[in-house]
Amino acid sequence: MNAAVPADPLAADLYRHHHGWLCNWLRQKLGCSHQAADVAQDTFVRILTARVETEIREPRAYLATIANRLVANFYRRQAIERAYLGVLATLPEDEVPCLETQALFKEALLEIDRLLDGLGPKVKQVFILAQFEELPYAEIARRLGLSLRTVNNYMAKAMAHCCLMLA
């Protein structure tokens, strides 16, 4: 199945000359031709939305960099899904949400992960403890061995980051 060649001349050139290579490279990395095709397609979508206007000196390195980030995101999403399914497995049968609610929860978890992507692990941890466990900043500071000022700074950084991601 051949996908349509992008209308953007630079993206079209990259696609025409390197799509096959990228799919093969991703297939070796992921071990699945279907996942490789999906990630390759997502790579070219990223290029189109980035609107690159200059010549790319090392096209395969450029494509591999974008694809590697997408593969990392793919594995992170899988880990989140596995963790969520693990939590569901511990619930008593009468407390397991319906499939529609499960899908909404999973979608929300993945969106939160996307919003927090790019923050350091400590900043993420502070944000999650404050927002989802509703711990006071002083308790977060005590638990994580941080100063109250650091917790305040991390929360400000996380909030600013989320606002930028939502803009």
Which value, rounded to the nearest 0.5 Å, describes the distance between [X] atom [atom1] and [Y] atom [atom2]?
{"X": "L135", "Y": "R142", "atom1": "CG", "atom2": "CZ", "value": "9.5 Å"}
{"X": "Q125", "Y": "Y154", "atom1": "CD", "atom2": "OH", "value": "10.0 Å"}
{"X": "L85", "Y": "K106", "atom1": "CG", "atom2": "NZ", "value": "7.0 Å"}
{"X": "D42", "Y": "N73", "atom1": "CG", "atom2": "CG", "value": "9.5 Å"}
{"X": "L110", "Y": "E107", "atom1": "CG", "atom2": "CD", "value": "8.0 Å"}
{"X": "T150", "Y": "L144", "atom1": "OG1", "atom2": "CG", "value": "10.5 Å"}

Find out whether [X] and [Y] are in side-chain contact, i.e. whether some heavy atom of one side chain is under 4.5 Å from a heavy atom of the other.
{"X": "F44", "Y": "L22", "result": "yes"}
{"X": "D38", "Y": "L26", "result": "no"}
{"X": "L30", "Y": "Y75", "result": "yes"}
{"X": "R27", "Y": "Q35", "result": "no"}
{"X": "N68", "Y": "K29", "result": "yes"}
{"X": "L10", "Y": "I47", "result": "no"}
{"X": "L91", "Y": "P97", "result": "yes"}
{"X": "K157", "Y": "N153", "result": "no"}

Check the surroundings of atom [atom1] in [X]: do more than 12 heavy atoms from other residues, nucleotides or ligands lie under 6.0 Å from it?
{"X": "E58", "atom1": "CD", "answer": "no"}
{"X": "E95", "atom1": "CD", "answer": "yes"}
{"X": "F105", "atom1": "CZ", "answer": "no"}
{"X": "K124", "atom1": "NZ", "answer": "yes"}

Any chain of hydrophobic side-chain contacts (each under 4.5 Å) joining [X] to [Y]?
{"X": "M155", "Y": "L116", "result": "yes"}
{"X": "V96", "Y": "L104", "result": "no"}
{"X": "L109", "Y": "V87", "result": "no"}
{"X": "L129", "Y": "I80", "result": "no"}

Legend entry - salt bridge (Lys or Arg N to Asp or Glu O under 4.0 Å) against R114, all qualifying residues, sequence neighbours excluded: E111

Legend entry - Main-chain N/O of L14 paired with H18 side-chain donor or acceptor, under 3.5 Å: no

Inset, instruction - Using atom types as modelled and distance alone, determine if a side-chain donor or acceptor of H161 lies under 3.5 Å from a backbone N or O of D117. - result: yes

Inset, instruction - Tell me, with the steps shown, if R143 and E133 meet side chain to side chain contact (heavy atoms under 4.5 Å, CB included). - result: CA-CA 13 Å; R143 274 194 192 185; E133 293 192 27; 3.5 Å; yes

Inset, instruction - Check which hydrophobic residues are tied to L115 through side-chain heavy-atom contacts below 4.5 Å, counting indirect links as well, and list them. - result: M165, L166

Might you point out which heavy atoms bring [X] and [Y] nearest each other, and give the distance in Å?
{"X": "C23", "Y": "A36", "result": "O-CB, 3.7 Å"}
{"X": "Q102", "Y": "Y84", "result": "CA-OH, 3.4 Å"}
{"X": "M159", "Y": "Q131", "result": "CE-NE2, 3.5 Å"}
{"X": "L48", "Y": "A11", "result": "CD2-CB, 3.6 Å"}

Legend entry - D113/R76 ion pair, N-O < 4.0 Å: yes

Legend entry - Pairing of E81 and R77 as salt bridge, 4.0 angstrom limit: no

Inset, instruction - Show the numbers, then the answer: is there a side chain to side chain contact (heavy atoms under 4.5 Å, CB included) between I56 and L63? - result: CA-CA 10 Å; I56 298 167; L63 291 169; over 6 Å; no

